[in-house]
> 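Pasting in a structure now, in C-alpha cells, and then I'll have a few things to ask.
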Amino acid sequence: EGDFEFLAPGVTRVTLPDSTNATFLHLSVFHPLDGVPPVFGIEIILGLIMASYHFNNRIATVVPRLAELGSCDIKFSMDIFDTQSKPTVAAKKLVKNVLPRRTSNNVIERRKYPTAIIGGQSSSTSELLAIMGGVEKLTQISFSSSANTLDNKG
C-alpha cells in the first residue's frame with residue numbers, strides 16, 4: 001500500500017509500493033451492457049478498458065504517441081455502470097454510487113468521486129446525467145450522443 005493525497009475531486013496522488021508517484025483520474029462510465037448487441041455494449045467497454053490499460057502502462061502499439069508520455073504520471077481508474085439503455089437506470093446508479101449524499105447524521109458521505117462521467121450512449125441518458133451531474137459540477141463526455149441540448153458551445 002502507498003500513501004494517498006487527494007488533490008481535487010476525482011484526482012488522487014499516490015506513492016506506489018515501488019516509490020514511484022502516480023496521479024489517478026477517476027472516471028465513472030455509464031454505458032448499456034444488457035439489451036444491446038455486443039458491438040454496442042461489451043465491445044465498447046472492453047475497448048475502453050484496453051485503452052485505459054495501454055495509457056496507464058504507456059503501451060504504444062495501437063497509439064504510437066503514448067511512447068512520448070514517459071514522464072507523465074497520470075493514470076486512469078474507472079467504475080463501469082450498466083445503464084441497460086434506460087435513462088432512469090443510469091440516474092439511479094449515479095445517485096446510488098457516485099454523487100455525494102447526506103447520512104442520517106447529516107454528514108456528507110463522499111464516495112469514489114469521478115473526475116468525469118463518460119456516457120451515456122443515448123442522448124436521453126446523457127441529458128439526464130448532465131442535469132444531475134451538473135449540480136455537482138461533474139464534467140461529462142458523451143461520445144455517441146448527438147442532441148443539440150448537450151452542446152455547450154451554443
> Identify the two heavy atoms, one from T88 and one from L128, that lie closest to each other, and give their separation to 0.1 Å.
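Heavy-atom minimum between the residues: N-CD2, 4.3 Å.
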> Determine whether a donor-acceptor pair (N or O, by modelled atom type, separation under 3.5 Å) exists between the side chain of H31 and the backbone of F40.
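Yes; at least one donor-acceptor contact below 3.5 Å.
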> Could you name each residue pair satisfying salt bridge (Lys or Arg N to Asp or Glu O under 4.0 Å) that touches residues 61-71, not counting sequence neighbours?
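Non-adjacent pairs meeting salt bridge (Lys or Arg N to Asp or Glu O under 4.0 Å): R65-E68.
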> Can you name the nearest heavy-atom pair linking T83 to A90, along with the distance?
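So the two residues come closest at CG2-CB, 3.6 Å.
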> Can a donor-acceptor pair be found, under 3.5 Å and without considering hydrogens, that links the side chain of T15 to the backbone of N21?
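Not a single qualifying donor-acceptor pair exists.
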> Between S28 and V98, which heavy-atom pair has the shortest distance, and what is it?
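Looking at all heavy atoms of both residues, the shortest contact is OG-CG2, 3.7 Å.
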> Can you list every pair that meets ring pair (Phe, Tyr, Trp, His ring centres under 6.0 Å) and has a residue in residues 61-90, with sequence neighbours left out?
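Checked against ring pair (Phe, Tyr, Trp, His ring centres under 6.0 Å) - neighbours excluded - the pairs reaching residues 61-90 are F30-F81, F55-F76.
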> Could you note down all residue pairs passing salt bridge (Lys or Arg N to Asp or Glu O under 4.0 Å) where residues 35-62 supplies at least one of them, sequence neighbours left out?
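Salt bridge (Lys or Arg N to Asp or Glu O under 4.0 Å) check on residues 35-62 returns no pairs.
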> What residues, two or more places apart in sequence or in another chain, satisfy side-chain contact (heavy atoms from CB on, under 4.5 Å) together with A60?
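Result, side-chain contact (heavy atoms from CB on, under 4.5 Å) vs A60: L66, A67.
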> Connecting only ILVMFWY residues whose side-chain heavy atoms lie within less than 4.5 Å of each other, what is the rest of I59's hydrophobic cluster?
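For the cluster that includes I59, the remaining residues are Y53.
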> Heavy atoms only: give me the nearest D82-L33 pair and the separation to one decimal.
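Looking at all heavy atoms of both residues, the shortest contact is OD1-N, 2.7 Å.
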> Does NZ belonging to K75 count more than 12 external heavy atoms closer than 6.0 Å?
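Above 12, so yes.
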> Mind checking salt bridge (charged side-chain N to carboxylate O under 4.0 Å, His left out) for D73 and listing every partner two or more places apart, or none if nothing turns up?
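Partners of D73 by the salt bridge (charged side-chain N to carboxylate O under 4.0 Å, His left out) criterion, ordered by chain and then number, come out as R13.
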> Below 4.5 Å, heavy atoms only, C-beta onward: do L48 and V29 meet side chain to side chain?
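Yes, side chains in contact.
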> Which heavy atom of G120 sits nearest a heavy atom of Q140, and at what distance?
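Nearest pair, atom of G120 first, then Q140: N-NE2, 4.1 Å.
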